[in-house]
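Presented below is the structure to which this report refers.
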Amino acid sequence: MRRYVIAGNWKMNMTPSAARSFITELAPKVAGKDKCDIVLCVPFVDIAVAAEAAKGTNIKIGAENVHFEAKGAYTGEISAEMLVESGAEYVIVGHSERRQYFAETDETVNLRTKAALAAGLKVILCLGEVKSERLSGITDEVVAMQTKLDLAGISEEQLKNIIIAYEPVWAIGTGLTATPEQADETCGVIRKTIAKIYSEKAAEEMIIQYGGSMNDGNAAELLAKANVDGGLIGGASLVTDKFTAIVDAANA
Ligand code: 13P
């Protein structure tokens, strides 16, 4: 019933010309693989070129962040309206690298999510525990709290345009992957939290991705889990064959 969403997060990789070549190479490889939605979240300066290259394909383009104000004196920031006009349909909000290195808090993540939704963007909302939290046995509390704070004031209707990406911080870019059981369990905790805040129906419909060293070798077993509805992929989204193999796993 829930559709898989396979999304790449390029992070700070790929110039506009590299983005164009990548998408031109990827498009025929994923053509017709329509059991999942395919999204590439790219650096701001790549969005327009990527959207142009993806026109007429089944690849959608997203951004990696958005500011919460509509306009004004916020040097270096990008508004939701700018993203939409550049061709973005999705935006990542709350990625752990933004939380770790750029002082994002649950409060700003919540504001960014609301601004993106208001502009008609689909949001990929990232959350997850750090290593010390998992080792202390408080993962469930941490992700439940983040889910509540990040979604504060967002209606059940608006929730339809949000995907949650569960990304254990210790698994990002480390080659360490959560086991399929860990991914399933913690995505399940997030789903139960959605049921508590909203409804069973909202929880059933919520798309929850796993992210953290997902690759062509482990995607199938992660995606086989009941609570895992897709992937948010960093490193492996920079290689067309690896990304295609993950799309294939979602189409099997
Ligand atoms: P890696 O797949 O490189 O671990 O990155 C995951 C991630 O942060 C996706 O947003």
Side-chain angles (χ1 to χ4, degrees), residues 4-14 18-19 22 26 36-44 46-47 50 59-66 83 88-102 104 109 112-113 116 121-131 133-134 139 142-143 146-147 150 162-180 182-183 186-187 190 207-223 225 228-250:
Y4 283 122
V5 179
I6 302 298
N9 172 11
W10 281 359
K11 310 190 178 184
M12 198 172 73
N13 292 290
M14 302 262 193
F22 183 96
L26 178 69
C36 65
D37 290 333
I38 303 171
V39 185
L40 289 175
C41 296
V42 306
F44 291 133
D46 295 351
I47 293 171
I59 302 166
K60 305 259 180 12
I61 301 303
E64 298 177 13
N65 194 18
V66 61
L83 296 182
E89 292 179 58
Y90 289 76
V91 62
I92 294 173
V93 168
H95 192 276
S96 69
E97 286 148 20
R98 303 287 328 163
R99 294 179 192 252
Q100 270 184 297
Y101 308 139
F102 303 99
E104 288 284 335
V109 169
R112 287 175 207 273
T113 300
L121 289 162
K122 291 191 171 72
V123 172
I124 299 177
L125 172 57
C126 302
L127 51 88
E129 81 288 1
V130 298
K131 190 173 182 184
E133 292 164 339
R134 178 153 289 266
T139 296
V142 169
V143 299
Q146 287 177 327
T147 303
D150 296 350
I162 297 179
I163 292 166
I164 293 180
Y166 165 57
E167 298 208 302
V169 179
W170 49 271
I172 294 178
T174 56
L176 291 173
T177 316
T179 64
Q182 285 171 327
T186 309
C187 289
I190 295 167
I207 294 172
I208 305 178
Q209 299 173 314
Y210 168 78
S213 301
M214 188 186 266
N215 59 40
D216 43 327
N218 60 25
E221 53 178 4
L222 286 160
L223 294 173
K225 290 295 177 187
V228 179
D229 308 319
L232 184 57
I233 299 118
S237 76
L238 298 169
V239 182
T240 57
D241 281 343
K242 289 187 182 178
F243 191 68
T244 302
I246 299 171
V247 169
D248 285 341

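Atoms within a ligand are numbered from 1 in the order they appear, just like the ligands themselves.
The backbone and the side chain of Leu232 each have at least one atom closer than 4.0 Å to an atom of ligand 1 (non-hydrogen atoms only). Of the heavy atoms in Ala236, none comes closer than 4.0 Å to ligand 1.
Residue Glu97 has no N or O atom closer than 3.5 Å to an N or O atom of ligand 1. Looking at ligand 1, you'll find an N or O of Gly234 within less than 3.5 Å of one of its N or O atoms.
With atom 4 (O) of ligand 1 as the reference point, the heavy atom nearest to it among Ser96, Gly235, Gly173, Gly175 is part of Gly173.
Taking 4.0 Å as the cut-off between side-chain N and carboxylate O, Lys11 and Glu64 do not count as a salt-bridged pair. A salt bridge does not link Lys242 with Asp248: none of the charged nitrogens is closer than 4.0 Å to a carboxylate oxygen.
Counting the atoms of ligand 1 from 1 in the order shown, those under 4.0 Å from a heavy atom of Ala171 are 4 (O). Every atom of ligand 1 with a heavy atom of Lys11 under 4.0 Å away is listed here by number and element: 5 (O), 6 (C), 7 (C), 8 (O). The atoms of ligand 1 that sit less than 4.0 Å from any heavy atom of Glu167 are 6 (C), 7 (C), 8 (O), 9 (C), 10 (O). Less than 4.0 angstrom separates some heavy atom of His95 from each of these atoms of ligand 1: 7 (C), 8 (O), 9 (C), 10 (O). Each of the atoms 1 (P), 2 (O), 4 (O) of ligand 1 lies under 4.0 Å from some heavy atom of Ser213. With ligand atoms numbered from 1 in the order given, ligand 1 contributes 9 (C), 10 (O) to contacts under 4.0 Å with heavy atoms of Asn9.
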message = side-chain contact (heavy atoms from CB on, under 4.5 Å), that's the test. Do Glu104 and Asn65 meet it? Break it down for me.
response = CA-CA 11 Å; Glu104 288 284 335; Asn65 194 18; 4.2 Å; yes
message = Determine whether Tyr166 and Gln146 satisfy the following criterion, side-chain hydrogen bond (donor to acceptor under 3.5 Å, both in side chains), listing intermediate values before the conclusion.
response = CA-CA 11 Å; Tyr166 165 57; Gln146 287 177 327; over 6 Å; no
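When side chains are defined from C-beta on, Tyr210 counts as touching Pro168, because their heavy atoms get closer than 4.5 Å.
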